[in-house]
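All chains are named by letter (A, B, ...) in the order of the sequence lines, taking the proteins before the strands, and each is independently numbered beginning at 1.
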Number of protein chains: 2
Amino acid sequence: MSREQRQSWQEIRDRIHGRILSGDFRPGDKLPRDADLAEALGCARSTVQRAMQDLSDSGFVERRRKGGSRVRPDPVTRATLDIPVARKEVESRGSTYGYRLISREVGPPPHAVQAAFGATFSQAMLRVQALHLADARPFILEDRWIVPETVPEALELDVSEVNVNEWLVKHKPYDKLDMRFYAEQAGAERADILGVDPGAALLMIERTTWIDGAPITTVRSSTAPGYQLVSQS
Amino acid sequence: MSREQRQSWQEIRDRIHGRILSGDFRPGDKLPRDADLAEALGCARSTVQRAMQDLSDSGFVERRRKGGSRVRPDPVTRATLDIPVARKEVESRGSTYGYRLISREVGPPPHAVQAAFGATFSQAMLRVQALHLADARPFILEDRWIVPETVPEALELDVSEVNVNEWLVKHKPYDKLDMRFYAEQAGAERADILGVDPGAALLMIERTTWIDGAPITTVRSSTAPGYQLVSQS
DNA sequence: TAGTGGTCTAGACCACCGG
DNA sequence: CGGTGGTCTAGACCACTAT
């Protein structure tokens, strides 16, 4: 008789994944219960659980309590991006990092900023514009708005010395993050600051963070031409 | 005496995370072993394991066998992107999807394509250029190269009828994916195809996939102005 | 080679949600 | 309300790697 081999959750995942790819399970189909899969595949239920968890994270299946597992009808490709602190990114390229404060002001946020937070805030906010340099050349221009009610210490910061970006990352945890990427042409002013031709295509990165539902900060980063975001693994 | 409450791995994670944020554990510090944390926090080791796994996935800590766990010295913000199949994306916006083949040819790949695969391939490849439409307006222009040795069926496909993009997603699994995003100005030809002004800023998406080390396909997608990539949660 | 994280198992209970 | 996925526990063994 055959002996059951010990199987890793990756093997179990691949076996199930294989049956999806082979058309054995088709998009929209309901999959067997974890317990039944476990028995059929000859492993513990928690191993199936782990495998299905991964398939769910990867976007191949949807899971619902009581509803069971289904093959996701619309395939997606999922990518993970690491956005390091600007200084780290510059240094990892072997360049020398530099930081230059461009402006600091306190005032009412424009509509675009309020929209980023998904609400209307009539209160004044702290705005900081700064330039990250790589070997003394412009690398990223960031335009940041900070909500003083959530981050009162920010008003006291000497932003000409302290890198607000890194200060926030180190001291202000968030539990909600909205991030978006798009392309935009450089206007005259931005082109001048970044040292590029007006109309150059810039990759824009927008980040907005909240903690316990309270808005922390939103930042629009204009990256210099040639900048690329690369997915992990 | 006090009774130990049953704790979820999220609670355990937050307690450890809290000690990192509070400066109790500083960047670069070595954390206690899982077993010690479990005892200190009053839960099973596997619960700590799950919590640390999440902190590792989120980029807060680094884990190494024998080496133990350390607070990651360089903070990163991590974002997950879902890139749906073009048709799904168009339909989810309430628009009508359309597909138009622009060209199909077999020939030697340019250096840029070989570079994407990280190797030199002198063999001929299948190139397919196609346009995805939203309400009859250009949405995404894709320029794809397929390796016939890995995907022999592709040569037989009637690409004027079949959406190669979706065909590959459904039938060709991959185990390695490289994805990158950048901004680029539209040249005259692309501007014409996409129906935009020459010089417009376009968000570019590059995807390259492998299976068992063998290259499958690489595609450069030029998205129409206004296109945004938005992170999940 | 020994220490540490990674995983598997078996069993139990919980939480959500469809019928 | 009952079925299904989600999680916790305790214990054992494995795999990687720092020392």
Side-chain angles (χ1 to χ4, degrees), chain A residues 1-17 19-20 25 27-73 80 232-233, chain B residues 1-17 19-20 25 27-73 175 232-233:
Chain A
M1 62 177 287
S2 66
R3 291 263 157 270
E4 299 293 355
Q5 285 288 334
R6 176 172 268 234
Q7 302 172 86
S8 69
W9 65 265
Q10 288 95 337
E11 286 174 318
I12 298 297
R13 175 200 60 194
D14 291 345
R15 288 221 265 162
I16 300 173
H17 190 191
R19 295 187 62 182
I20 294 176
F25 299 129
D29 278 3
K30 187 169 180 177
L31 294 170
R33 308 158 37 204
D34 288 8
D36 290 342
L37 278 172
E39 191 184 7
L41 299 173
C43 66
R45 180 165 83 90
S46 53
T47 306
V48 170
Q49 155 77 17
R50 183 68 197 271
M52 293 296 284
Q53 188 68 42
D54 193 68
L55 288 173
S56 176
D57 286 345
S58 307
F60 291 111
V61 304
E62 289 171 334
R63 316 197 81 202
R64 281 191 187 176
R65 294 180 147 142
K66 169 73 179 182
S69 306
R70 289 181 173 283
V71 180
R72 201 167 157 151
T80 302
Q232 295 305 300
S233 113
Chain B
M1 63 176 289
S2 66
R3 290 264 157 271
E4 301 292 354
Q5 285 288 333
R6 175 171 269 235
Q7 301 172 86
S8 69
W9 65 265
Q10 288 94 338
E11 287 174 317
I12 298 297
R13 176 200 59 194
D14 290 345
R15 288 220 266 162
I16 300 172
H17 190 191
R19 294 185 63 180
I20 293 175
F25 299 130
D29 279 2
K30 188 169 180 178
L31 293 171
R33 307 159 38 202
D34 288 8
D36 291 341
L37 278 173
E39 192 185 5
L41 299 174
C43 66
R45 180 163 84 89
S46 52
T47 306
V48 169
Q49 155 77 16
R50 183 67 197 273
M52 293 296 284
Q53 189 68 40
D54 193 68
L55 288 174
S56 176
D57 287 344
S58 306
F60 290 111
V61 304
E62 288 172 335
R63 316 197 80 202
R64 280 189 185 177
R65 294 178 152 152
K66 169 77 177 180
S69 306
R70 290 180 174 282
V71 179
R72 200 168 157 149
D175 56 15
Q232 294 307 301
S233 110

Considering only heavy side-chain atoms of A/A44, the closest of D/dG6, C/dT7, C/dT9 is C/dT9

Where do A/I12 and A/A51 come nearest, in terms of heavy atoms and distance?
CG2-CB, 3.8 Å

Please give, in whole Å, the distance from D/dC8 C1' to B/L37 CG?
17 Å

Rounded distance (Å) that lies between atom C1' of C/dT7 and atom CE of B/M52:
17 Å

Can you tell me the distance, in whole Å, between the CD atom of B/Q53 and the C1' atom of D/dG6?
17 Å

Sorted by number, the residues of residues 55-66 of chain A with heavy-atom contact under 4.0 Å to DNA chain D:
A/R63, A/R64, A/R65, A/K66

Identify the heavy atoms of B/M52 and B/V61 that sit nearest to each other, and give their distance.
O-CG2, 4.1 Å

Between A/W9 (CH2) and C/dG6 (P), how many Å, whole number?
12 Å

Rounded distance (Å) that lies between atom C1' of C/dG6 and atom CG of B/D54:
16 Å

Do you know which two heavy atoms are closest between B/P73 and B/E62, and how far apart they sit?
CD-OE1, 4.2 Å

A/T47 or B/Q49, whichever maps to the more 5' nucleotide of DNA chain C:
B/Q49

Between D/dC13 atom C1' and B/R45 atom CZ, what is the distance in whole Å?
11 Å

Results of salt bridge (charged side-chain N to carboxylate O under 4.0 Å, His left out) for A/D34 - residues two or more places apart only
A/R63

Exercise: identify the closest heavy-atom pair between A/Q7 and A/C43:
NE2-CB, 4.3 Å

At under 4.0 Å, does any side-chain N or O of A/R50 touch on OP1 or OP2 of C/dT7?
yes

Between C/dT7, D/dT9, D/dT7, spot the one nearest the side chain of B/Q10, thanks.
D/dT7

Would you say C/dT7 has OP1 or OP2 under 4.0 Å from some side-chain N or O of A/S46?
no

Send over the distance from A/E11 CD to C/dT7 P, rounded to a whole Å.
13 Å

Checking contacts here: which listed nucleotide (C/dT9, D/dT4, C/dC8) is nearest the side-chain heavy atoms of A/S8?
C/dC8

Can you name the salt bridge (charged side-chain N to carboxylate O under 4.0 Å, His left out) partners of A/R50, sequence neighbours left out?
none

Considering the options A/D36, A/L55, A/V71, which one meets the side chain to side chain contact (heavy atoms under 4.5 Å, CB included) requirement together with A/L31?
A/V71

Nucleotide D/dT9, atom C1' - distance to CG of B/D34 in whole Å:
15 Å

